Amino acid sequence: MTAPLRTRFAPSPTGSLHVGGVRTALYCLLEAHGSGGHFLLRIEDTDQARSTEEAANGILRDMRWLDLLWDEGPGTPDQTFGPFFQSQRLDRYRACVQQLLDEGKAYEAWESREELDVERKHAEAAKENFRYRRRPYTADQIAAWRDEGRLPVVRFATPRKPVTVVDRILGEVTVDEDTVDDFVILKDDGFPTYHFAVVVDDHDMQIDLVLRGQEHLMNTHKHLLLYEAFGWRAPQHGHLPLIFNPTGQKMSKRDKARVAREKAREKAKSTGADAKTWTWLAEEAGIDREDLVAFMAKKHDGVSMAEAVARATGATLPLIEVNDFRRDGYLPEAIVNYLCLLGWSPGDDREVLTRDEMVAVFSIDRVQKTAARFDADKLLWMNQEYMKSLPEDTLLEHLGEWLDAVHGSPLHALDEAGRRAMIRMYRPRARTFEDLHRLGGFLFVRPTTWAEKQVKKHVLADGGVERLRATRDTLSAQEDFGADALAAMFQRLADDTGLGFGKVAQPVRVAVSGDGVSPEIQDTLAFLGRTETLARIDAFLVSLS
RNA sequence: GACCCCAUCGUCUAGAGGCCCAGGACACCGGGUUUUCAUCCCGGCGACGCGGGUUCGAAUCCCGCUGGGGUCACCA
């Protein structure tokens, strides 16, 4: 066994937690706990414009829902290395910036964002790479900028030399001396950039291993140079393979926008509706037309816009954020298990793993280098596995969480006994909680029509009507309407008539369900109760005459 | 475009030179059990991107090609 490792998950609260983040957090937790170390959670809210408290709270809530609990971070008893919000650590960053400034390892730069944008455009037009390097300013220039109220940023005086990242997953990745430019470490609002804060915090919080997505690979060279400038020992790094969407790009919230737009175009084409002003869609979706036009022109990828468009067009948006999964009736255990296997495997044929097993067997050394596509079908299967195997109490709890996240389910009206009955009936046939009301909806609405094919096959053929009448009478005389008693009753009828169980049960099933599909007949009738059961059978018999 | 990463069934993966004319899982197809549906059981389809090396022997090592992806912000 190795020494206890301290790892950390450091999301930025600019949006909600998504699958990539969940897997990163999981691997961090597993790696730390597997070594007997701590898993920390730090909120990287250095982007004042985009960070929100709600997003931060949402991330904490999602992490807890997934049972990805941190040993140190917001709300933990151990606050030794806190605070864990970067916005509360500004003094420390500024002191560190000052140190680099004093040592000549950083300097003030005065170009505005706009000026730099123009330079980048020019560089691009000239097919050149844009790398910011230190520029000479005259005292007059600086004075002029000061007078116009301009604020400088602080840039790192990047040493010109090749840098090698020794990655636990990818091996050595070297970049030449021209690759890393003089990046900004302190913004003009006095906040550090990500690159700076992450290095200071990982050092201060004594992080041993930094795991993050492969999209960060090129950032790590910057960070290594900073560690060196401070004379700090750098943590180990591991860059996790990306999670791809079904079309093979990095999965992101933009995928929702993409799918929504495609569906809108498709609908416009098939109905011959206008695909320029989008007036019809704006009306149908109840959204601002100009904003919609901007969205359709890919001017922005707003998630709420994508969702509105999806509602109006009937598009099915991909599952990306934790909340999507919760809303669609997935179990946190299944999500975690599925994600655990996306980019890693235990090396044997196991697929369903408990958390303890994951902690025991997980190792960064077995993490894949290759990006993995997110396979919603396999997740569905995994979820079904947990539907079947989780303790009833756990499912009851998750069912409650799901009901808190959705509207308009008939299950809301159910008391605990009713919910437990639903779980028992549907856990072998439901893949998600949504299936509970999709498959079990008939339990809450008395049928008014009956599927012709089923009626013909099971009722009108060979004396089914008579059998149903007889069963109805037996049912009405049945004292005990519990599932066990009902099962015995049906068995008796089947034995007495010499017919199979199905011959007796199926006409009843058609009568009470309308389409001939239900959980086991005794459970179904027990759930409906005597009164409702008889009323449904009677209504059906009336419909036949 | 520059820099960087990657490459086994449709998808997730096992495979660290001979155990592999490649194993498992999801999906798909077929069959069986059953009280409908689902579960469950059995079977089938299906991959080492291409070209060079190295080696007695390569999915495994090396090189090239091709393909895919990521990054190029005062966002993280």
Side-chain angles (χ1 to χ4, degrees), chain A residues 10-15 44-47 49-51 109 111-113 116-117 120 123-124 127-132 151-155 165 167 169-171 173-176 178-179 181 183-189 191-195 197-198 212-219 221 239 241-242 244 246 248-250 338 341-352 368-382 384 388 426-431 435 439 454 458 487 490-491 494 500-506 508-510 513 515-522 524:
Chain A
S12 99
T14 52
E44 309 219 319
D45 53 350
T46 52
D47 183 341
R50 297 198 302 150
S51 296
E111 295 75 19
S112 70
R113 289 165 224 245
L116 291 172
D117 283 344
R120 282 197 193 90
E124 195 186 334
K127 300 195 173 178
E128 282 166 9
N129 292 316
F130 180 80
R131 303 254 188 278
Y132 188 96
L151 293 167
V153 297
V154 177
R155 286 180 182 269
V165 173
D167 188 274
I169 295 163
L170 298 171
V173 180
T174 303
V175 120
D176 75 31
D178 287 324
T179 303
D181 73 352
F183 54 96
V184 174
I185 57 177
L186 191 71
K187 306 183 225 178
D188 66 9
D189 65 359
F191 274 57
T193 57
Y194 158 73
H195 300 301
V198 77
R212 44 151 92 114
Q214 234 171 68
E215 71 268 25
H216 283 284
L217 183 54
M218 292 294 107
N219 291 333
H221 300 88
H239 292 91
L242 298 173
F244 277 177
Q249 295 84 36
K250 185 174 88 168
Y338 173 71
L341 259 26
L342 204 59
W344 174 86
S345 83
D348 52 38
D349 288 342
R350 282 179 295 171
E351 301 255 355
V352 180
Q368 214 77 16
K369 290 180 177 178
T370 321
R373 264 175 227 233
F374 186 87
D375 182 355
D377 281 333
K378 186 145 186 181
L379 200 222
L380 222 34
W381 165 79
M382 183 68 80
Q384 185 174 24
K388 287 185 295 197
Y426 281 102
R427 64 147 82 215
R429 34 201 130 229
R431 299 202 290 184
D435 283 347
L439 299 172
Q454 298 296 325
H458 298 291
F490 273 96
Q491 192 57 58
F501 198 112
K503 285 280 185 218
V504 183
Q506 199 55 22
V508 180
R509 179 153 18 232
V510 171
S513 72
D515 72 348
V517 178
S518 86
E520 307 213 329
I521 193 69
Q522 63 273 20
T524 307

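Predicted model only: the values in this text are computed from it and were never measured. So that the names make sense, note that chain A is the first sequence line, chain B the second, and so on, each numbered from 1.
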| message | Using the P atom as the point on both nucleotides, what is the distance between B:A16 and B:A7, in whole Å? | response | 16 Å
Polar pairs (N or O, both sides) under 3.5 Å between protein and nucleotides 43-47 of chain B?
none

| said: Counting the atoms with a prime plus P, OP1 and OP2 as sugar-phosphate, which does A:D377 contact under 4.0 Å by heavy atoms, base, sugar-phosphate, or nothing? | reply: sugar-phosphate
| task | Return the nucleotide paired to B:G10: Watson-Crick means purine N1 to pyrimidine N3 with N6-O4 or O6-N4, wobble means G-U with N1-O2 and O6-N3, both under 3.5 Å. | result | B:C26
| said: Let's test this: given Watson-Crick or G-U wobble pairing with both distances under 3.5 Å, identify the partner of B:C21. | reply: none
| field | Nearest-angstrom distance from the residue atom CZ of A:R431 to P of B:A38 | value | 11 Å
| remark: By the Watson-Crick or G-U definition, both distances under 3.5 Å, B:G49 is matched with B:C65
| With rounding to whole Å, what would you report as the distance between B:G43 and B:C37 at their C1' atoms? | 23 Å
| said: Looking at A:Y338 and A:D375, would you say the former's side chain and the latter's main chain have a donor-acceptor pair under 3.5 Å? | reply: yes
| said: Please check this pair: side chain of A:T46 against backbone of A:T193, looking for a donor-acceptor N/O pair closer than 3.5 Å. | reply: no
| message | Please enumerate all residues that pass side-chain contact (heavy atoms from CB on, under 4.5 Å) together with A:K250, with sequence neighbours excluded. | response | A:E215, A:L242
| task | Assign a letter to each nucleotide of nucleotides 12-18 of chain B from its 5' end: B, base within under 4.0 Å of a protein heavy atom; S, sugar-phosphate only; -, no contact. | result | BSSS---
| said: According to salt bridge (Lys or Arg N to Asp or Glu O under 4.0 Å), who are the partners of A:D47, at least two apart in sequence or on a separate chain? | reply: A:R50
| message | Determine whether a donor-acceptor pair (N or O, by modelled atom type, separation under 3.5 Å) exists between the side chain of A:R131 and the backbone of A:D178. | response | yes
| With a 4.5 Å limit on heavy-atom distance, are the side chains of A:E351 and A:W381 in contact? | yes
| Rounding to the closest angstrom, what is the interatomic distance between B:A2 and B:G10 at atom C1'? | 34 Å
| query | Taking atom P in both B:G70 and B:C50, what distance in whole Å separates the two? | reply | 25 Å
| request: Could you check whether A:K503 gets within reach of a base, just the sugar-phosphate, or nothing at all, counting any heavy atom under 4.0 Å? | output: nothing
| task | Specify the residue among A:I169 and A:S518 whose closest nucleotide of RNA chain B lies further upstream toward the 5′ end. | result | A:I169
| query | Whom does B:A59 pair with, Watson-Crick or G-U wobble, provided both distances fall under 3.5 Å? | reply | none
| note | Here the distance between atom P of B:C4 and atom CE of A:M218, to the nearest Å, is 7 Å
| task | Enter the distance from A:I521:CD1 to A:F501:CZ here, rounded to the nearest 0.5 Å. | result | 8.0 Å
| request: Measure the NZ-NE2 distance between A:K369 and A:H239 for me, rounded to the nearest 0.5 Å. | output: 14.0 Å
| message | Salt bridge or not between A:D348 and A:R350? Use side-chain N to carboxylate O under 4.0 Å. | response | yes
| A:V517 vs A:Q454 side-chain heavy atoms within contact, under 4.5 Å | no
| task | Nearest whole angstrom, please: distance from the C1' of B:C3 to the CG of A:D178. | result | 11 Å
| remark: Atom CG of A:L439 and atom P of B:U39 are separated, to the nearest Å, by 11 Å
| task | Could you say whether A:V173 or A:E128 is positioned toward the 5' end of RNA chain B, judged by the nucleotide with the nearest heavy atom to each? | result | A:E128
| When you compare B:G23 with B:A47, how far apart are their P atoms, in angstrom units rounded to a whole number? | 11 Å
| request: Determine the interatomic distance between C1' on B:U34 and the same-named atom on B:C21; round to the nearest Å. | output: 40 Å
Using a cutoff of under 3.5 Å, can you pull out all pairs of nitrogen or oxygen atoms linking the protein to nucleotides 74-76 of chain B, with atom names and distances?
{"from": "B:C74", "atom 1": "OP1", "to": "A:R120", "atom 2": "NH2", "distance (Å)": "3.3"}
{"from": "B:C74", "atom 1": "OP2", "to": "A:R120", "atom 2": "NH2", "distance (Å)": "3.4"}
{"from": "B:C74", "atom 1": "OP2", "to": "A:R155", "atom 2": "NH2", "distance (Å)": "3.4"}
{"from": "B:C74", "atom 1": "O2'", "to": "A:R113", "atom 2": "NH1", "distance (Å)": "2.4"}
{"from": "B:C74", "atom 1": "O2", "to": "A:R113", "atom 2": "NH2", "distance (Å)": "3.3"}
{"from": "B:C74", "atom 1": "O2", "to": "A:D188", "atom 2": "N", "distance (Å)": "2.9"}
{"from": "B:C74", "atom 1": "O2", "to": "A:D188", "atom 2": "OD1", "distance (Å)": "3.2"}
{"from": "B:C74", "atom 1": "N3", "to": "A:D188", "atom 2": "OD2", "distance (Å)": "3.1"}
{"from": "B:C74", "atom 1": "N4", "to": "A:E111", "atom 2": "O", "distance (Å)": "3.1"}
{"from": "B:C75", "atom 1": "OP2", "to": "A:K187", "atom 2": "NZ", "distance (Å)": "2.8"}
{"from": "B:C75", "atom 1": "O2'", "to": "A:D47", "atom 2": "OD2", "distance (Å)": "3.1"}
{"from": "B:C75", "atom 1": "O2'", "to": "A:R50", "atom 2": "NH2", "distance (Å)": "2.9"}
{"from": "B:C75", "atom 1": "O2", "to": "A:R50", "atom 2": "NH2", "distance (Å)": "3.3"}
{"from": "B:A76", "atom 1": "OP1", "to": "A:T46", "atom 2": "OG1", "distance (Å)": "2.8"}
{"from": "B:A76", "atom 1": "OP1", "to": "A:K187", "atom 2": "NZ", "distance (Å)": "2.6"}
{"from": "B:A76", "atom 1": "OP2", "to": "A:Y194", "atom 2": "N", "distance (Å)": "3.2"}
{"from": "B:A76", "atom 1": "O3'", "to": "A:E44", "atom 2": "OE1", "distance (Å)": "3.1"}
{"from": "B:A76", "atom 1": "N6", "to": "A:N219", "atom 2": "OD1", "distance (Å)": "3.3"}
{"from": "B:A76", "atom 1": "N6", "to": "A:N219", "atom 2": "ND2", "distance (Å)": "3.1"}
{"from": "B:A76", "atom 1": "N1", "to": "A:N219", "atom 2": "ND2", "distance (Å)": "3.3"}

| field | Spacing between A:L217 atom CG and B:G70 atom P, to the nearest angstrom | value | 14 Å
| said: When you measure from the side chain of A:R431 to the backbone of A:Q384, do you find a donor-acceptor pair of N or O atoms at a distance under 3.5 Å? | reply: no
| query | Phosphate oxygens OP1/OP2 of B:A38: is one of them under 4.0 Å from a side-chain N or O of A:K388? | reply | no
| said: Roughly how many Å apart are B:U55 and B:A73, using the P atom of each and rounding to a whole number? | reply: 47 Å
| said: Can you check the distance between B:A58 and B:C19, where both ends of the measurement are the P atom (answer in whole Å)? | reply: 11 Å
| task | Begin from the C-alpha positions of A:D435 and A:R429 and carry the test side-chain contact (heavy atoms from CB on, under 4.5 Å) through to its verdict. | result | CA-CA 8 Å; A:D435 283 347; A:R429 34 201 130 229; over 6 Å; no
| field | Atom pair distance, as rounded to whole Å: CG in A:L242 and C1' in B:A7 | value | 14 Å
| said: Using a 3.5 Å distance criterion without hydrogens, assess whether the side chain of A:R509 forms a donor-acceptor pair with backbone atoms of A:P519. | reply: yes
| Taking the side chain as C-beta and beyond, is there a heavy-atom pair between A:S112 and A:D117 under 4.5 Å? | no
| message | Considering every strand and a 4.0 Å limit on heavy-atom distances, what is the contact class for A:F244: base, sugar-phosphate, or nothing? | response | sugar-phosphate
| said: Under 4.0 Å, heavy atoms only, any strand: does A:K127 hit a base, just the sugar-phosphate, or nothing? | reply: nothing
| Does a side-chain N-to-carboxylate-O contact under 4.0 Å join A:R155 and A:D181? | no
Check the interface with nucleotides 32-35 of chain B: list each N/O to N/O pair with the protein under 3.5 Å, or write none.
{"from": "B:U35", "atom 1": "O2", "to": "A:R509", "atom 2": "NH2", "distance (Å)": "2.9"}
{"from": "B:U35", "atom 1": "O2", "to": "A:I521", "atom 2": "N", "distance (Å)": "3.4"}
{"from": "B:U35", "atom 1": "N3", "to": "A:Q522", "atom 2": "OE1", "distance (Å)": "3.1"}
{"from": "B:U35", "atom 1": "O4", "to": "A:Q522", "atom 2": "OE1", "distance (Å)": "2.5"}
{"from": "B:U35", "atom 1": "O4", "to": "A:Q522", "atom 2": "NE2", "distance (Å)": "2.8"}

| said: Rounded to whole Å, please give me the gap between CG in A:L170 and P in B:C5. | reply: 8 Å
| query | Roughly, in whole Å, what's the span from CD in A:Q384 to C1' in B:A27? | reply | 13 Å
| task | Any chance you could measure A:E124, atom CD, to A:N129, atom CG, to the nearest 0.5 Å? | result | 10.5 Å
| said: What's A:G248 touching, base or sugar-phosphate or nothing? Going by heavy atoms closer than 4.0 Å. | reply: sugar-phosphate
